Amino acid sequence: MLEKMEILHVEKVIEEFETMTKDAENVQRETLKKILEENGSAEYLQNLGLNGRTDPQSFKACVPVVTHQDLEPYIQRIVDGASSPVLTGKPITTISLSSGTTQGRPKFVPFNDELMETTLQIFRTSYAFRNREFPVKNGKALQFIYSSKQSRTKGGLFAGTATTNVFRNSQFKKAMKAMQSQCCSPDEVIFGPDFRQSLYCHLLCGLIFREEIQLVSSTFAHSIVHAFRTLEQVWEELCDDIREGILTSRITFPSVRSAMAKLLKPNPELADLIHRKISGLSNWYGLIPELFPNVKYIYGIMTGSMEHYLKKLRHYAGDVPLISADYGSSEGWIGANINPNVPTESTTYAVLPNIGYFEFIPLKENVEEQVHDRGDANILSMEPKPVSLTEVKIGEEYEVIVTSFAGLYRYRLGDVVKVMGFHNSTPELKFICRRNLMLTVNIDKNTEKDLQQAVEEAAKLIAEEKQEVIDFSSHVDMWTDPGHYVIFWEISGEVSDEVLKECCNCLDRSFVDAGYVSSRKVSAIGPLELRVLWRGTFQKVLDHYLGLGAAVSQFKTPRCVGPTNYNVLQILCDNVAKTYFSTAF
């Protein structure tokens with residue numbers, strides 16, 4: 001067991017992975033059997049008539065494919081303290097707060113010991129392959145990790161973000177020690193109540209232990225970039241702290257100050273060295289290897305919406321390799337990055353067939369049937385049947401369905417992946433996008449529904465002036481640094497600047513996704529921009545589509561206009577009457 005390990009046996013982990021992936025179909029069958037046997041007493045499964053059967057055919061015949069919304073009543077009962085087994089055989093004691101939102105509020109997802117164990121298995125697997133290529137010695141890791149407080153639900157369960165639940169688990173630190181990846185910062189910094197103060201102390205700890213730092217990491221690439229952007233601003237203050245051995249007054253929390261005082265001793269030689277190193281840089285290029293000469297690689301999620309940050313991260317990294325972290329979500333893990341040598345943009349994730357039961361909905365054109373009713377043409381879409389893990393085809397795109405050890409059965413994750421190949425008999429997936437995701441700069445995730453709710457809330461302010469929002473769209477502007485949301489409004493008449501400024505603030509505040517709010521608070525996402533359009537602008541958009549051969553009856557205003565939709569974006573940008581920036585954060 002992990003608790004007894006001092007250092008992880010890398011070759012043994014790889015050998016177990018190879019054995020398992022050579023027989024992925026049978027491993028999947030056994031994993032499903034184990035999940036259903038462990039949770040057979042759960043009310044949800046009892047009501048579906050499985051009657052003890054654990055084979056994939058019976059499972060698929062009895063258990064429907066669901067979304068979070070379908071399971072929400074069951075999860076809410078768990079959150080409220082239901083004593084009987086609802087979704088799992090054993091009681092759920094912890095809830096993860098998803099960054100996604102459901103009807104304007106955060107999403108609850110069950111978290112249990114089994115999910116923690118799959119987390120550690122993913123970490124161990126990717127570490128084993130990573131360490132074979134980039135071996136780390138027994139040093140330290142500069143980890144920009146932050147843990148918010150766990151709260152208690154009405155029913156007495158612990159609730160926190162998925163990362164908080166992992167970082168606060170007693171097994172996490174043991175696992176990091178076994179992987180020679182212990183954070184150089186004390187717990188008081190990781191669990192500090194203020195993000196900015198924790199970030200400063202992470203940087204300070206990294207500099208104090210600069211010779212021992214073997215890797216630099218964070219959950220997401222943008223957090224690493226944000227950290228070194230911050231260092232550009234505070235490096236002289238950090239040098240002062242090291243030179244004098246006294247922590248800056250900007251750190252105000254006693255527990256953090258006390259923990260840092262144990263590490264910080266006057267060291268003018270180190271302060272002078274760091275000062276010389278940074279002063280000798282050209283536009284901060286190669287900052288990371290200059291400060292941390294023994295760093296082997298930089299690690300974090302770098303795919304999907306994080307790819308925007310790779311250019312800046314490479315600038316800081318110089319010739320230090322960037323390696324993308326593993327593929328998972330608040331609901332659970334899917335695959336590990338076992339090819340750390342490939343460019344980050346080409347990262348794929350090998351599915352671990354024993355951490356859950358996986359199915360995939362093909363995203364080819366749906367079967368369509370024309371139905372004529374009273375002269376109206378409606379398209380009825382019949383979704384293709386999900387296929388199993390070993391039935392997916394190279395080059396095809398799919399939506400992921402997960403059955404986990406934490407009470408999710410045939411759960412639509414909402415992620416679109418592309419099968420790039422196979423490792424033995426398990427597929428290697430490339431993350432493409434969130435199926436319903438509209439707006440994202442970094443860790444924020446806002447859908448069309450979230451946008452709609454924000455617009456509706458802000459539109460109440462102009463309704464008081466007897467005006468209305470005729471139509472709206474949005475865009476993520478990544479040309480600014482940091483990126484920010486742009487909302488386009490066409491309104492029915494004149495509204496004062498004062499009211500429109502408040503509308504802009506209201507829009508910004510109405511995106512309640514945890515990733516968006518936290519990013520806005522630390523300026524990792526810029527102020528929301530409201531652009532009020534001239535009357536008739538959306539008619540021009542319609543005219544554009546009609547010119548391409550679209551039918552009026554099927555036209556829908558694009559709610560999010562991406563950079564590839566250049567013509568529509570140009571129409572919107574060419575017809576801006578007024579612009580406002582939020583001051584809400």
Side-chain angles (χ1 to χ4, degrees), residues 97 99 140-151 159-170 172-173 176 181-210 212-213 215-242 245-264 274 287-288 291-292 295 298-301 309 313 316 325 442-444 482 514-525 585:
L97 191 64
S99 63
K140 296 182 185 295
L142 174 51
Q143 294 180 316
F144 297 104
I145 56 178
Y146 313 92
S147 176
S148 57
K149 280 186 176 179
Q150 283 179 317
S151 58
T161 63
T163 48
T164 293
N165 291 337
V166 169
F167 297 153
R168 286 187 177 274
N169 191 288
S170 61
F172 176 72
K173 191 181 282 191
M176 291 300 103
S181 306
Q182 275 187 291
C183 184
C184 65
S185 303
D187 285 352
E188 290 83 355
V189 170
I190 297 170
F191 300 116
D194 182 272
F195 166 86
R196 292 177 182 84
Q197 294 189 28
S198 290
L199 170 52
Y200 184 92
C201 292
H202 278 317
L203 291 168
L204 187 55
C205 290
L207 294 174
I208 291 169
F209 296 110
R210 66 182 292 268
E212 297 175 59
I213 299 299
L215 64 120
V216 175
S217 73
S218 188
T219 308
F220 294 102
H222 91 94
S223 300
I224 305 173
V225 170
H226 182 73
F228 288 104
R229 283 192 198 279
T230 302
L231 186 134
E232 289 186 32
Q233 308 299 320
V234 302
W235 70 275
E236 290 176 301
E237 193 174 350
L238 289 162
C239 285
D240 290 342
D241 290 358
I242 293 168
I246 299 169
L247 189 62
T248 173
S249 59
R250 73 160 68 209
I251 310 303
T252 58
F253 290 95
S255 60
V256 179
R257 290 194 69 86
S258 174
M260 291 302 297
K262 295 172 185 173
L263 301 176
L264 195 57
I274 293 166
L287 170 65
I288 292 172
L291 291 182
F292 311 107
V295 72
I298 297 161
Y299 187 66
I301 294 172
Y309 300 96
L313 191 51
Y316 285 137
N442 48 59
I443 63 169
D444 53 308
Y516 182 80
V517 174
S518 60
S519 295
R520 283 287 289 115
K521 284 179 177 176
V522 299
S523 300
I525 295 176
F585 289 85

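In this text the structure is predicted, and so the values were computed from the model without any measurement. When a residue number appears, it is its place in the shown sequence, counting from 1.
Judged as a side-chain hydrogen bond (donor to acceptor under 3.5 Å, both in side chains), and not counting sequence neighbours, the contacts of D187 are K173. Annotation: side-chain hydrogen bond (donor to acceptor under 3.5 Å, both in side chains) contacts of Q197 (sequence neighbours excluded): T252. Partners of F228 by ring-ring contact (aromatic ring centres under 6.0 Å, His included), not counting sequence neighbours, listed by chain and number: F144, Y316. With sequence neighbours left out, the side-chain hydrogen bond (donor to acceptor under 3.5 Å, both in side chains) criterion links S223 to no other residue. Annotation: ring-ring contact (aromatic ring centres under 6.0 Å, His included) contacts of F292 (sequence neighbours excluded): none. With sequence neighbours left out, R229 forms a salt bridge (charged side-chain N to carboxylate O under 4.0 Å, His left out) with D481. With sequence neighbours excluded, the residues satisfying side-chain hydrogen bond (donor to acceptor under 3.5 Å, both in side chains) with T248 are E237. I208 meets the side-chain contact (heavy atoms from CB on, under 4.5 Å) test with L204, L263, L264; sequence neighbours excluded.
The heavy-atom pair separating I190 from C183 by the smallest distance is CD1-SG, 4.0 Å. Between R210 and I274 the shortest heavy-atom distance is CD-CG1, 4.5 Å. A pairwise comparison of heavy atoms in C184 and G206 identifies SG-N, 3.8 Å as the closest pair. Scanning all heavy atoms of the two residues, the minimum distance from R250 to V234 falls at NH2-CG1, 3.6 Å. Closest of all the heavy-atom pairs between I288 and V295 is CG2-CG1, 4.2 Å. Taking each heavy atom of A524 and P482 in turn, the nearest pair found is O-CB, 3.3 Å.
Within the 4.5 Å cutoff, no side-chain heavy atoms of L142 are placed close to those of L215. A 4.5 Å side-chain heavy-atom check between L291 and L231 finds at least one atom pair inside the cut-off.
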Would D241 and Y200 count as a side-chain hydrogen bond (donor to acceptor under 3.5 Å, both in side chains) here? Give the steps.
CA-CA 11 Å; D241 290 358; Y200 184 92; 2.6 Å; yes
Let me see the working for V189 and H202 under side-chain contact (heavy atoms from CB on, under 4.5 Å), right down to the final yes or no.
CA-CA 7 Å; V189 170; H202 278 317; 3.7 Å; yes
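No side-chain donor-acceptor contact under 3.5 Å links D240 to the backbone of L238.
Pairs engaging residues 216-228 under the salt bridge (charged side-chain N to carboxylate O under 4.0 Å, His left out) rule: none recorded [sequence neighbours left out].
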